[in-house]
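We name chains A, B, ... by the order of the sequence lines, and we start the count at 1 in each one.
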Number of protein chains: 2
Amino acid sequence: MSGKGYVKNPMDREWNDSQPIYRQVRDRVVAMILDGVLKEGDPLPSVRNVAAEYRVNPLTVLKGYQELVDEQLVESRRGRGMFINAGARNLLLRGERQKFLVEQWPTIHATIQRLGLTPEELLEAAAGKTRPPSDAAEEKKKS
Amino acid sequence: MSGKGYVKNPMDREWNDSQPIYRQVRDRVVAMILDGVLKEGDPLPSVRNVAAEYRVNPLTVLKGYQELVDEQLVESRRGRGMFINAGARNLLLRGERQKFLVEQWPTIHATIQRLGLTPEELLEAAAGKTRPPSDAAEEKKKS
DNA sequence: TATGCTGTTATATATAACTATAACACTAGC
DNA sequence: GCTAGTGTTATAGTTATATATAACAGCATA
């Protein structure tokens with residue numbers, strides 16, 4: 001059990017523990033398409049490159065990419081690479097909006113209500129200000 | 001292969017596929033505490049009852065409950081049950097707020113921006129109206 | 001004591017996610 | 001042809017999640 005260690009990557013601060021990596025890979029590409037970083041016809045970063053850069057198994061990246069193929073967002077050309085399909089962004093703008101509104105937002109909204117979070121707090125947090133609850137509980141003094 | 005089937009429950013519409021059941025069990029109890037459905041000193045529904053009601057393995061429920069014990073939100077008394085600790089709600093209001101604002105909200109906010117969702121759409125969806133993109137709402141401009 | 005609730009532990013198994021390593025298949029450029 | 005870059009498949013092993021089944025341990029009460 002100890003010989004050939006199976007050690008988790010120290011580099012996975014990049015990854016969210018609450019979701020499989022391959023789905024996060026998929027979501028990252030989706031975000032890049034929506035943000036216009038990847039345009040239609042563009043090649044995706046190669047499976048091996050991404051795997052190396054993020055210290056992840058190539059198969060895991062491939063699995064994420066395959067989901068995009070199944071969603072008809074990208075096309076795979078053996079020996080050449082994977083490429084963003086035409087119409088990918090529009091397809092996403094429709095699909096992801098609906099998916100978010102139906103599957104995620106209701107739960108999120110309930111949580112916000114439950115925690116009594118105000119729009120002000122949310123906007124502040126979104127702006128990058130990780131403000132502590134303003135009373136005590138502040139021991140991270142970096143001078 | 002077919003003999004002693006290992007079949008997934010048909011009843012798990014109750015459960016979200018994107019997160020382990022035991023964590024959803026934990027989150028449900030947390031929600032009940034925050035909502036005041038479960039007050040301090042109250043007993044949690046028994047492991048076996050929950051398991052039966054939701055058609056889930058008792059061990060899975062126990063695992064979710066154990067997380068609550070580890071978070072010092074509930075206390076386990078062998079032979080009697082598990083009980084909400086004093087101060088549980090306050091502890092949650094601080095902890096869960098911070099956790100949400102730091103770990104979840106930034107990503108969610110980015111997604112909302114990316115999809116160009118307006119406050120109106122979000123409020124509508126939260127109100128339960130799972131309405132497909134209406135034709136009239138196409139000309140919305142960000143203010 | 002006996003019964004019937006609680007939480008808890010022990011075995012064994014199934015499936016999904018991730019990994020390491022290696023090989024195969026295709027394309028482009030030298 | 002050779003090589004280096006793509007995607008793809010194959011084998012095998014680890015960990016996490018969830019299951020089925022059974023037993024153990026403590027408490028309350030008739």
Side-chain angles (χ1 to χ4, degrees), chain A residues 1-12 14-27 29 41-70 73-85, chain B residues 1-12 14-27 29 41-70 73-85:
Chain A
M1 290 211 230
S2 59
K4 38 193 70 179
Y6 173 75
V7 193
K8 238 189 161 186
N9 284 322
M11 240 331 240
D12 51 14
E14 309 277 354
W15 304 108
N16 189 336
D17 197 34
S18 72
Q19 221 177 354
I21 294 178
Y22 77 91
R23 210 173 302 169
Q24 295 180 56
V25 169
R26 180 263 180 200
D27 288 344
V29 177
D42 283 357
L44 269 63
S46 92
V47 168
R48 283 179 177 84
N49 276 356
V50 175
E53 179 167 359
Y54 293 105
R55 308 291 199 100
V56 155
N57 194 288
L59 290 183
T60 305
V61 179
L62 181 62
K63 189 167 181 180
Y65 277 16
Q66 285 294 5
E67 290 220 334
L68 295 166
V69 174
D70 295 343
L73 293 169
V74 317
E75 184 192 7
S76 165
R77 293 184 223 163
R78 200 179 184 123
R80 307 216 26 211
M82 318 226 351
F83 300 84
I84 311 282
N85 271 338
Chain B
M1 262 182 292
S2 59
K4 40 191 68 182
Y6 174 75
V7 194
K8 237 192 164 187
N9 284 322
M11 234 340 237
D12 50 15
E14 309 279 351
W15 304 108
N16 189 336
D17 197 34
S18 72
Q19 219 178 0
I21 294 179
Y22 77 91
R23 211 173 301 168
Q24 296 180 53
V25 169
R26 181 264 180 198
D27 288 342
V29 176
D42 283 355
L44 269 64
S46 92
V47 168
R48 284 179 176 81
N49 275 356
V50 174
E53 180 166 0
Y54 293 104
R55 308 290 199 99
V56 156
N57 194 290
L59 290 183
T60 305
V61 179
L62 181 62
K63 190 167 181 182
Y65 277 16
Q66 286 294 5
E67 290 220 335
L68 296 166
V69 173
D70 295 344
L73 293 170
V74 316
E75 183 191 8
S76 164
R77 293 183 223 165
R78 199 179 184 121
R80 306 215 29 210
M82 319 228 346
F83 301 84
I84 311 283
N85 271 338

How close or far is atom P of C:dT6 from atom CG of B:Leu62, stated in whole angstroms?
14 Å
Exactly one of B:Val61, B:Val29, B:Leu44 should register a side chain to side chain contact (heavy atoms under 4.5 Å, CB included) with B:Val50. Which one does?
B:Val61
For the side chain of A:Thr60, starting at C-beta, report the closest nucleotide among C:dC18, C:dT9, D:dG26.
C:dC18
Can you see if the side chain of A:Tyr22 gets near the phosphate of C:dC18 - specifically, an N or O under 4.0 Å from OP1 or OP2?
no
The residue among A:Leu73, A:Val74, A:Leu68 that forms side chain to side chain contact (heavy atoms under 4.5 Å, CB included) with A:Met82 is A:Val74
From CG of A:Leu44 across to C1' of D:dG5 the rounded distance in Å is 16 Å
Looking only at side-chain atoms of B:Asn57, point me to the closest of C:dC24, C:dA17, D:dA20.
D:dA20
Rounded to the nearest angstrom, tell me the gap between atom CE in B:Met82 and atom C1' in C:dG7.
8 Å
How many Å lie between CG on B:Asp17 and C1' on D:dT17, as a whole number?
12 Å
For the side chain of B:Leu59, counting heavy atoms from C-beta on, which of C:dT6, D:dA20, C:dT21 is nearest?
D:dA20
Given D:dG7, C:dT8, D:dT6, the nucleotide with the shortest approach to the side chain of A:Arg78:
D:dG7
Using a cut-off of strictly less than 4.0 Å, decide whether B:Arg23 has a side-chain nitrogen or oxygen near OP1 or OP2 of D:dT17.
yes
Less than 4.0 angstrom between a side-chain N/O of A:Gln66 and OP1 or OP2 of D:dT8, yes or no?
yes
Heavy-atom donor-acceptor pair, B:Gln24 side chain to B:Asn16 backbone, under 3.5 Å
yes
What is the distance from OH of A:Tyr65 to C1' of D:dT6, rounded to the nearest Å?
12 Å
Do A:Gln66 and A:Ser76 pass the side chain to side chain contact (heavy atoms under 4.5 Å, CB included) test, and can you show the C-alpha distance, the side-chain angles, and the key distance before you say yes or no?
CA-CA 9 Å; A:Gln66 285 294 5; A:Ser76 165; over 6 Å; no
Establish, with yes or no, whether the OP1 or OP2 oxygen of C:dA17 is under 4.0 angstrom from a side-chain nitrogen or oxygen of A:Lys63.
yes
Go through C:dT8, C:dT27, D:dT19 for me and flag the one nearest to the A:Arg80 side chain.
C:dT27
Length of the line joining B:Arg48:CZ and D:dA25:P, which is rounded to integer Å
14 Å
Picking from D:dA20, D:dT8, D:dC24, the nucleotide nearest the side-chain atoms of A:Ser76 would be D:dT8
For A:Pro20 and B:Gly81, take the nucleotide of DNA chain C holding the closest heavy atom to each; which residue's nucleotide lies nearer the 5' end?
B:Gly81
Over all heavy atoms of both residues, which pair between B:Tyr65 and B:Pro45 is shortest? Give the atoms and the distance, please.
OH-O, 2.7 Å
Between P on D:dG26 and CD on B:Glu75, what's the gap in Å once rounded to a whole number?
17 Å
Report the distance from atom CD1 of B:Ile21 to atom P of D:dA20, rounded to the nearest whole Å.
11 Å
Would you kindly compare A:Gln24 and A:Pro58 by the position of their nearest DNA chain C nucleotide and give the one closer to the 5′ end?
A:Gln24
